[in-house]
Visitor: 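There's a structure below that I have some questions on.
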Number of protein chains: 2
Amino acid sequence: MSQREIAKQENRQKIKDAAANIIRREGIEKLTMRYLADIAGVSLRTPYNLFGSKTEVLFALLEDAGVLLTQGLISQSEDLAVGRLFSSLNAMEAHVRKDDEFYQTVYWGVMASDQVEIRRTGYERLIELSQGFVAEAIANKEINSDINSDEFGKHIGILLMSILGMWGSGYFGSKECAAHIRRSWCASFLTVATRKSKQHLMNEMSH
Amino acid sequence: MSQREIAKQENRQKIKDAAANIIRREGIEKLTMRYLADIAGVSLRTPYNLFGSKTEVLFALLEDAGVLLTQGLISQSEDLAVGRLFSSLNAMEAHVRKDDEFYQTVYWGVMASDQVEIRRTGYERLIELSQGFVAEAIANKEINSDINSDEFGKHIGILLMSILGMWGSGYFGSKECAAHIRRSWCASFLTVATRKSKQHLMNEMSH
DNA sequence: TAAATTTGTATAACATGTTATAATTGTCAA
DNA sequence: TTGACAATTATAACATGTTATACAAATTTA
């Protein structure tokens, strides 16, 4: 990595740190580009050079937090694919809950922006992840083999994204959010579950 | 109604008409307050006097369209409460589908705003509506009497609002939106359905 | 080392939502 | 009819996201 690239990364980091600090300490209303540049010790132009827009600064915070990169959180210790899906939901919840208001604020900042592309990126990632789980569950004979894997996976992913969206809007906290996701996932899976996974789902349902 | 009040209502209508026309003909990006005032033939101040903010102008469009006042759409011809719930979803879909892009745009304009109160108003209304249906379904013995009516009703309402939110974000159209709502509702109701409603729900599920 | 290139800075500017202010107009009540 | 009041207008202003421009500094490359 060249000197230039190093300096860039440092500036990126300074800006992200400043943004996070402002949001935490003074609230997102105070996060203006001028103030951000000021606190980060760079010029107003620099965040635009390095991120593109205010929304993309916020998106970078989310990415760093790994909220969108849930792969890393997935538990390996479950034998059922369905079980792993729920574990990853639990891990996500536990992770976000430590700093609920912050994540919620940042998530909303990204999702409520008019930059459609960024939103769509988030959607696609999580839906592909869901579809992967469903495909695995079918291969595993945890759910009926006659259902359309991609379609059902998409539905599961959309439930996740939808309810996350409502969490972002501040209507409820991460605990209640996870409960609604869990409940709707259980219900959906139960409509296609085989004997192998039914018991697990019933347990999961009773939370 | 006094002259003054009449003039006010006329101005409100002129502004709403102008807003709808701009959105339809030129897209919501062109809907600036200055241009809106211009097209409506009023001063820049007037929309603020009569509505309060840009978001509230959009909200008024939604209200006029009855998207939030779904009560009027509810079919009376079903004997099951659960059946009526799904009918009202169908009616809503049919209504919105006639002008999908327009409603979607306006809905998003309202929901993505930072005016939390307005969002919450929309949420509360639909959730109360859902809770009413669920209470009725319990009274009707269509679903198990040992479940918590308010809690389950809220869950149903949240599924609706969440998925509507994703529709608003432009991820899918009203047809797919309704399909996801229907599917998730069926799955949820099936977990608590009695013999009386199970068959209906299975039919509904197969779309 | 010196020119070329990239990156950041300073400053101004623009569009837009929103608010302030003062003047004007229309309505209503006496 | 006329004075009081309310609503509307015209105009300017402010904050904020974003872009433009000209210049300076750092870094790479020849």
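Each chain gets a letter, A, B and so on, in the order its sequence line appears, and its residues count up from 1.
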Visitor: Side chains of B:Y103 and B:S174: donor-acceptor distance under 3.5 Å anywhere?
Guide: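 Side chains of B:Y103 and B:S174: no pair found under 3.5 Å.
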Visitor: Quick one: is B:N11 getting a side-chain N or O under 4.0 Å of the D:dA7 phosphate, OP1 or OP2?
Guide: no
Visitor: Compare all side-chain heavy atoms of A:L61 with those of A:K16 and state whether any distance is below 4.5 angstrom.
Guide: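 A side-chain contact under 4.5 Å exists here.
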Visitor: Which whole-number value in Å describes the distance from B:I22 CD1 to C:dT16 P?
Guide: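 Spelled out: CD1 on B:I22 to P on C:dT16 is 12 Å.
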Visitor: Give me the distances for all protein-to-nucleotides 11-15 of chain C N/O pairs that come in under 3.5 Å?
Guide:
{"residue": "C:dA13", "atom": "N6", "partner": "A:R34", "partner atom": "NH2", "Å": "3.3"}

Visitor: D:dA7 C1' sits how many Å from B:I6 CD1, rounded?
Guide: 15 Å
Visitor: With no angle test and no hydrogens, is the base of D:dT27 tied to the side chain of A:R4 by a donor-acceptor pair under 3.5 Å?
Guide: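 In this structure, the two groups form a donor-acceptor pair.
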Visitor: Could you tell me how far apart B:K8 (NZ) and C:dT25 (C1') are, to the nearest whole angstrom?
Guide: 16 Å
Visitor: Grab the CD-P distance between B:Q3 and D:dT8 for me, whole Å please.
Guide: 13 Å
Visitor: Working to the nearest 0.5 Å, report the span between CE of B:M33 and CZ of B:F51.
Guide: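 Rounded to the nearest 0.5 Å, the CE-CZ separation comes to 9.0 Å.
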Visitor: Counting heavy atoms not belonging to A:E124, are there more than 12 under 6.0 Å from its CD?
Guide: yes
Visitor: Report the distance from atom CG of B:L58 to atom P of C:dG17, rounded to the nearest whole Å.
Guide: 10 Å
Visitor: Do the side-chain N and O atoms of B:E5 and B:S2 include a donor-acceptor pair separated by under 3.5 angstrom?
Guide: no
Visitor: Look up atom CZ in B:F189 and atom OG in B:S184, then write down how far apart they are to the nearest 0.5 Å.
Guide: 10.0 Å
Visitor: Can you tell me how far C1' of D:dT21 sits from CG of A:N49, to the nearest Å?
Guide: 13 Å
Visitor: What is the separation between atom CD on A:E56 and atom C1' on D:dT18, rounded to the nearest whole Å?
Guide: 13 Å
Visitor: Can you tell me the distance, in whole Å, between the NZ atom of A:K14 and the C1' atom of C:dT7?
Guide: 13 Å
Visitor: Looking for any heavy atom pair under 4.0 Å, which part of the strands does B:L36 touch: base, sugar-phosphate only, or nothing?
Guide: nothing
